[in-house]
Amino acid sequence: MPDLNEPALEFLLTRRSRPAKTLVAPAPTRAQLTPILTAAARSPDHGKLEPWRFVVIEQGAMARLGGLAEACGVRLGKSPEDIAKGRSQFDMGLLAVAVIEVQTPSEKVPAIEQSYSAGAVCLSLLNAALASGWGANWLSGWMTHDPEFCSQGLGLKAHERIAGLIHIATEGTRPPERPRPDLEAKTNWISA
Ligand SMILES: Cc1cc2nc3c(=O)[nH]c(=O)nc-3n(C[C@H](O)[C@H](O)[C@H](O)COP(=O)(O)O)c2cc1C
């Protein structure tokens, strides 16, 4: 029989995000965040390219990023509603880790596998934060796909993209559970 890690399995079977708008202070300190980042860095990565890095957005940077999101929204001709929604995650944000996908040219590892690896880092970061007792939520938003927001806001280079903004703070009101996928409809078993 395999060696069951019951608490780990129980965590994976019950884990759920906590919506960013329900998070409250305090956010983790740098010391508290370090093991969470360390866990996230331990993610599958074909060819050891390490195609990702972190930018930790502390509360002091949120107002600047909110203002920048608004300016980018105006430049892009976004609706007032989209602009307000876009900047709201920074206006309410206490701490967020931007997981940056860093593409490295490789003959062996296609670009999409590097994207998958950055996505895996996002999920590991989210899970490590949740497992540490924090509330956490993986957000994106139109501004995360705007190269000007990425370069001016987070200092990204041309070969870098935001894979996710993982908001982490203290859990507030817990909303109802969301429906989960129908496993049978999602799974084919091939035995020959
Ligand atoms: C790449 C990616 C981007 C996302 N962006 C947003 C977003 O901008 N706003 C949002 O409300 N949820 C967004 N979500 C969804 C939530 O992070 C999350 O999937 C949902 O709250 C349920 O998560 P859970 O299965 O961990 O409970 C995104 C998810 C992914 C994978």
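When a ligand or atom number is given, it counts from 1 through the structure's own listing order. Just so it is clear, the model here is predicted, and its values are computed rather than measured. When a residue number appears, it is its place in the shown sequence, counting from 1.
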- Task: Return the residue, atom name and 0.1 Å-rounded distance of the protein heavy atom closest to atom 20 (C) of ligand 1.
- Result: R178 NH2, 3.4 Å
- Message: If you apply the rule side chain to side chain contact (heavy atoms under 4.5 Å, CB included), what do you find for L156 with I162, and how did you get there?
- Response: CA-CA 9 Å; L156 268 56; I162 297 175; 3.9 Å; yes
- Query: Is the side chain of Q114 donor-acceptor paired with the backbone N or O of V109 at a distance under 3.5 Å, no angle test?
  - Reply: yes
- Does G141 come within less than 4.0 Å of ligand 1, judged by its heavy atoms? yes
- Task: Could you tell me whether ligand 1 has any atom less than 4.0 Å away from a heavy atom of Q89?
- Result: no
- Query: Which of these passes side chain to side chain contact (heavy atoms under 4.5 Å, CB included) with L95: I166, L23, I57, V56?
  - Reply: V56
- Item | NZ/NE/NH1/NH2 to OD/OE distance under 4.0 Å, E177 and R180 | yes
- If you scan protein heavy atoms around atom 23 (O) of ligand 1, the nearest is S17 OG, 3.2 Å
- So which heavy atom in the protein is nearest atom 9 (N) of ligand 1, and how far is it from that ligand atom? L139 CD2, 3.4 Å
- Can you tell me the protein heavy atom closest to atom 13 (C) of ligand 1 and the distance? W138 O, 3.5 Å
- Atoms in ligand 1 flagged as close to N137, the criterion being non-hydrogen separation under 4.0 Å: 16 (C), 17 (O), 21 (O)
- Message: Polar contacts were defined as any N/O atom of the residue lying under 3.5 Å from an N/O atom of the ligand; does this apply to S140 and ligand 1?
- Response: yes
